[in-house]
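Beneath this line is the structure, given in structure tokens, with notes to follow.
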Protein chains: 2
Amino acid sequence: MPDSSGLRMTQQRRVILEELAAVTSHPTADELYQSVRRRLPRISLGTVYRNLEIMAQKGEIQRIGAAGTQRRFDATTAVHYHIRCTTCGRVADLSLKPIIRLEQEAANISGFAISGHWVEFQGVCPECQDPAQA
Amino acid sequence: MPDSSGLRMTQQRRVILEELAAVTSHPTADELYQSVRRRLPRISLGTVYRNLEIMAQKGEIQRIGAAGTQRRFDATTAVHYHIRCTTCGRVADLSLKPIIRLEQEAANISGFAISGHWVEFQGVCPECQDPAQA
DNA sequence: ATACTTGCAAATTTTTTGCACTGGA
DNA sequence: TCCAGTGCAAAAAATTTGCAAGTAT
């Protein structure tokens, strides 16, 4: 049978992807819904959830670890590192060269077929370290 | 002074901590509730949530990234690495020597006061790679 | 045309909270 | 004592799902 991926590039899917790619803030499904809504007022939150889930499954986007309570997403599937402020909860990207070698090591130890990895640093951001300055 | 935290070691807190320390499965609040319940039948789910939250805040336990939908916890606060099967969702510990040097680098780049970091590898576990064998 | 997708709404699941009572230090 | 902590229950938040209608391919 033809067409194994079976995914269609609908307007909703495209806009969700575009909005996600446009920010570096690792939005939650609801945050994304709010911004997508400005372009597609009739889109539903359910559709956003469904698409994020499907695309994450297909590896087109990345589901990142819980910074807080909610699930967050990232359009950059390439391995990259995050840093989270334990005080204000902000999550930022960190331009640190990923250590791919680690994946080989992890594969050897675990027997898993490694597809990627991600790293999150925890700490207190400059603003929260010095409240007066903020 | 000895204890500025103001935390009391209640029976509930102690049992939650013990049960969490007894497993390596990084349970969700509800899973933990189920096991704590066997020892303290009258404990409430709310209490489990409250304690996990408080202890995570105090750094006595670790809140780990969303492996799936729910928040998960880990009694080991030392930096250690996880590996998650993208097929079955299982999360396991990985005995890989943590690269503390990374924290220094991250601190230099970001200006954050780094308190820790964690790494999660994604991949397919041996069982899921070969279903017939499992 | 076919069957993947959507919007809507209801249902679930997960987490938080108010409150009066309890128990640890 | 006295206030952090608890159980309970209700509320809020987050996520999923059934279904009829819409639309990429």
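Lettering follows sequence order; numbering is per chain, from 1.
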**OP:** Find which nucleotide of DNA chain D each of B:Pro41 and A:Gly46 is nearest to by heavy atoms, and output the residue with the more 5' nucleotide.
**Re:** B:Pro41
Original post:
To the nearest Å, how far apart are B:Ile54 CD1 and C:dG24 P?
Top reply: 16 Å
**OP:** Rounded to the nearest angstrom, tell me the gap between atom CZ in B:Arg50 and atom P in C:dT16.
**Re:** 11 Å
Original post:
For residues B:Glu103 and B:His117, is any side-chain donor paired with an opposing acceptor at under 3.5 Å?
Top reply: yes
**OP:** Verify the contact: side-chain N or O of A:Thr47 to OP1 or OP2 of C:dG7, cut-off strictly under 4.0 Å; return yes or no.
**Re:** yes
**OP:** Find the distance between CD1 (A:Ile16) and OG1 (A:Thr10) and round it off to the nearest 0.5 Å.
**Re:** 7.0 Å
**OP:** Indicate, with a heavy-atom threshold strictly under 4.0 Å, whether B:Ile43 touches base, sugar-phosphate, or nothing.
**Re:** sugar-phosphate
**OP:** Go through the steps for B:Glu19 and B:Arg39 under the test salt bridge (charged side-chain N to carboxylate O under 4.0 Å, His left out), then give the verdict.
**Re:** CA-CA 10 Å; B:Glu19 290 296 317; B:Arg39 294 173 57 187; 2.9 Å; yes
**OP:** Figure out the CG/C1' separation between A:Asn51 and C:dC4, and round it to whole Å.
**Re:** 11 Å
Subject >> CD/B:Glu18: more than 12 non-hydrogen atoms of other groups inside 6.0 Å >> reply: yes
Subject >> Interatomic distance where CG belongs to B:Leu45 and P belongs to D:dG5 [whole Å] >> reply: 18 Å
**OP:** Check the distance between C:dA3's P and A:Met9's CE and give it to me in whole angstrom.
**Re:** 21 Å
Original post:
Phosphate oxygens OP1/OP2 of D:dT6: is one of them under 4.0 Å from a side-chain N or O of B:Thr10?
Top reply: yes
Original post:
Okay, side chain of A:Ser110, backbone of A:Ala106: is any donor-acceptor separation there less than 3.5 Å?
Top reply: yes
Original post:
Can a side chain N or O of A:Gln12 be found less than 4.0 Å away from OP1 or OP2 on D:dT23?
Top reply: no
**OP:** Would you kindly give the CZ-to-C1' distance between A:Arg13 and C:dT6, to the nearest whole Å?
**Re:** 10 Å
Original post:
Given atom CZ of B:Arg42 and atom C1' of D:dG5, what is their separation to the nearest angstrom?
Top reply: 16 Å
**OP:** Determine: side-chain N/O of B:Tyr49 to OP1/OP2 of C:dT16, distance under 4.0 Å, yes or no.
**Re:** no
**OP:** Measure from CD on B:Glu53 to P on D:dG5 and round the result to the nearest Å.
**Re:** 14 Å
Original post:
With sugar-phosphate meaning primed atoms plus P, OP1 and OP2, does A:Arg8 contact a base, only sugar-phosphate, or nothing at under 4.0 Å between heavy atoms?
Top reply: base
**OP:** Kindly say if A:Gln11 contacts the phosphate of C:dT5, meaning a side-chain N or O under 4.0 Å from OP1 or OP2.
**Re:** no
